[in-house]
Structures are given as structure tokens and as C-alpha cells.
Amino acid sequence: MKKFLLSAALIAATAFSLSAQEKGDFTVGGMIGVQGGSNSVSVTYQNQTQSESTPASTSLSFSPQFSWFVIDNLELSAGLEYSMQKDYAGTNTNDKNYFDFLHLAMFTVGANYYVPIVKDKFFYTPGVQFGFGGGSYNSDNGAGIKTKLKIPFAFGFSADLGKFEFKPLDFLGISFNILDFNVVYTSRNTGVNEVKTHSTSFTAGFNYGMSAGVKYYF
């Protein structure tokens with residue numbers, strides 16, 4: 001029995017090592033993410049209920065990356081990321097929705113660890129990323145007056161808690177992310193007497209949308 005268990009353990013260890021992403025592998029690729037939704041508010045007064053639905057924040061991101069497996073299963077990456085966030089700001093006198101826009105461009109570095117689920121084909125790939133950069137914030141007051149503010153500094157952190165990769169071919173990987181945690185800090189000028197505003201946003205949970213990408217191994 002002991003010999004059988006030892007043999008099974010050796011076979012499992014061998015299978016694990018064979019399914020690893022090997023040291024020295026390089027990849028190029030990128031991720032595209034789209035998220036959105038709506039907010040619904042209901043008010044009840046004297047048995048009368050009124051409901052209103054407004055657009056929630058919508059975001060779009062694009063991030064080309066280059067990565068290198070420094071050891072088996074451990075991937076380090078560097079790349080660029082552009083993100084645009086569209087926030088509902090209200091309704092004008094013509095009952096038309098107006099929005100504010102946040103644009104950010106950042107240089108990113110990160111690390112992901114590959115946990116084999118199906119040999120050579122399917123991996124759980126949790127990881128973290130840090131980003132530094134800047135951008136702009138465009139606001140609309142609904143009366144035709146728009147303001148554009150520069151963001152000279154932005155910092156971002158993200159944890160990919162639900163990221164997976166499928167490899168239909170040895171040189172091709174398809175990634176998707178279903179659970180993440182993000183922190184974004186921005187500092188921007190207001191245009192009034194050198195006054196600056198600072199903001200930090202936290203988001204966590206299942207993606208209400210899609211985040212997917214492809215990469216080429218060489």
C-alpha cells in the first residue's frame with residue numbers, strides 16, 4: 001500500500017511539472033475589459049411607489065503586455081494600460097443624460113502564478129499589478145459647459161483573484177477574469193489658485209461585463 005501511495009505521489013508530481021509554464025518562455029498579448037450596468041432606485045410614499053433607473057459607471061480598458069516566465073509557473077509582465085470611465089452626472093432641462101469622463105494611461109508591472117487545472121491546457125492564474133501614469137477628467141454641467149482637468153499623477157493597483165487561461169495550442173493562450181479587486185488614486189489640478197483634488201476609489205467583486213485577452217508564446 002505504501003509503495004502504491006508513493007508511486008501515485010511521484011506520478012502526480014511528474015504530471016504537475018510537465019504541465020508547468022516553463023522558465024524562459026516569453027509572451028506578447030493583451031487584455032480588453034468592458035464593464036457597465038444600471039442603478040435602480042425605488043421610493044414608496046403613501047402606498048405609491050416610483051422607480052427610476054439611471055446608468056451606472058461604464059468602463060473600457062485596453063492593456064498590451066510583454067511577459068517572461070522567470071521560473072516555472074511564475075510570470076512577470078510589463079505593459080501599458082489605457083482606461084476610460086464614464087459616470088452618469090445627471091439629466092439636463094431637456095431630460096437628456098449627461099456624463100463625466102475619466103481617461104487614464106499608465107505603465108504597468110505585474111506578476112501572475114500559474115496553477116495547472118488541466119494538464120497543458122487550463123490554468124488558474126491569480127496575480128497582482130501596479131500602474132503609474134496620468135490622464136484627464138472631463139466634466140459636463142448639463143448646460144453645455146464642459147471642463148477638462150489634467151491628472152498629472154495616477155496610481156493603480158489590481159489583484160486578479162478570478163483569472164484563468166486556456167491554451168488551445170502550445171503557442172496561444174486565451175485569458176479571462178471573473179473576479180478582481182482594484183484601487184485607483186488620482187491627483188488633479190482644479191484650475192483655481194493651484195488647488196488640487198485627490199481621490200481614491202476601491203472596487204471589488206464579480207465583473208459586470210467582460211475582461212478577456214490573448215497572448216502568443218515564443
Side-chain angles (χ1 to χ4, degrees), residues 27 29-39 54-70 73-89 99-115 123-140 147-165 173 175-191 194-215:
T27 76
M31 296 283 291
I32 296 176
V34 178
Q35 293 177 291
S38 64
N39 296 318
T54 59
S57 295
T58 302
S59 62
L60 168 69
S61 63
F62 174 66
S63 52
Q65 285 186 341
F66 171 82
S67 65
W68 173 44
F69 284 85
V70 291
N73 292 329
L74 180 60
E75 176 191 46
L76 300 184
S77 62
L80 301 174
E81 178 177 315
Y82 164 76
S83 64
M84 182 276 291
Q85 181 172 312
K86 177 182 177 182
D87 295 309
Y88 173 71
F99 301 88
D100 294 336
F101 292 87
L102 174 65
H103 301 271
L104 292 177
M106 292 192 285
F107 171 74
T108 63
V109 292
N112 289 79
Y113 190 78
Y114 279 60
V115 180
F123 301 84
Y124 172 51
T125 62
V128 294
Q129 272 194 350
F130 297 88
F132 303 88
S136 65
Y137 179 78
N138 302 334
S139 63
D140 189 341
T147 304
K148 183 176 181 179
L149 303 175
K150 291 184 179 180
I151 300 176
F153 176 76
F155 167 77
F157 167 79
S158 64
D160 300 326
L161 305 178
K163 190 175 182 181
F164 298 85
E165 183 174 316
S175 300
F176 57 94
N177 192 15
I178 60 174
L179 178 64
D180 57 13
F181 171 80
N182 298 280
V183 180
V184 176
Y185 169 84
T186 60
S187 173
R188 62 178 180 267
N189 296 316
T190 64
E194 299 300 323
V195 176
K196 291 185 177 182
T197 62
H198 309 275
S199 65
T200 304
S201 64
F202 300 86
T203 59
F206 287 96
N207 284 327
Y208 195 87
M210 179 272 295
S211 180
V214 296
K215 59 174 60 175

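As the structure is a computational prediction, the values presented were derived from the model and not from experiment.
For the atom pair CH2 (W68) and OG1 (T27), the distance works out to 12.5 Å, reported to the nearest 0.5 Å. With values rounded to the nearest 0.5 angstrom, S61 atom OG is found 9.0 Å from N182 atom CG. Distance OG1/T125 to CG/N73: 11.0 Å, rounded to 0.5 Å. Between N112 atom CG and F123 atom CZ the span is 13.0 Å, to the nearest 0.5 Å. Here the straight-line distance linking atom OG of S136 with atom CG of L149 works out to 9.0 Å at 0.5 Å rounding. Rounding to the nearest 0.5 angstrom, the gap separating the OG atom in S175 from the CZ atom in F164 is 11.5 Å.
Residues F155 and Y185 place their aromatic rings such that the two centres sit no closer than 6.0 Å.
In this structure, the side chains of D160 and P126 stay at 4.5 Å or more apart for every pair of heavy atoms. Under the 4.5 Å side-chain criterion, counting only non-hydrogen atoms from C-beta, I151 is in contact with L104. The shortest distance between side-chain heavy atoms of S63 and M31 falls below 4.5 Å.
In this structure, K86 forms a cation-pi arrangement with F99, its terminal cationic atom sitting closer than 6.0 Å to the ring centre and no more than 45° off the ring axis.
Across E75, K215, Q129, a single residue satisfies side-chain contact (heavy atoms from CB on, under 4.5 Å) together with Q65, and that is Q129.
The two residues K163 and N177 make their nearest non-hydrogen contact at N-OD1, 3.4 Å.
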Side chain to side chain contact (heavy atoms under 4.5 Å, CB included) evaluation trace for E165 with Y114: CA-CA 9 Å; E165 183 174 316; Y114 279 60; 2.5 Å; yes

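In this structure, F153 has no ring pair (Phe, Tyr, Trp, His ring centres under 6.0 Å) partners at least two apart in sequence or on a different chain. Legend: residues meeting ring pair (Phe, Tyr, Trp, His ring centres under 6.0 Å) with F157, ordered by chain and number and at least two apart, are F130.
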Please tabulate, one pair per line, all N/O donor-acceptor pairs under 3.5 Å involving side-chain atoms of residues 76-83, not counting sequence neighbours.
from, atom 1, to, atom 2, distance (Å)
Y82, OH, H103, ND1, 2.9

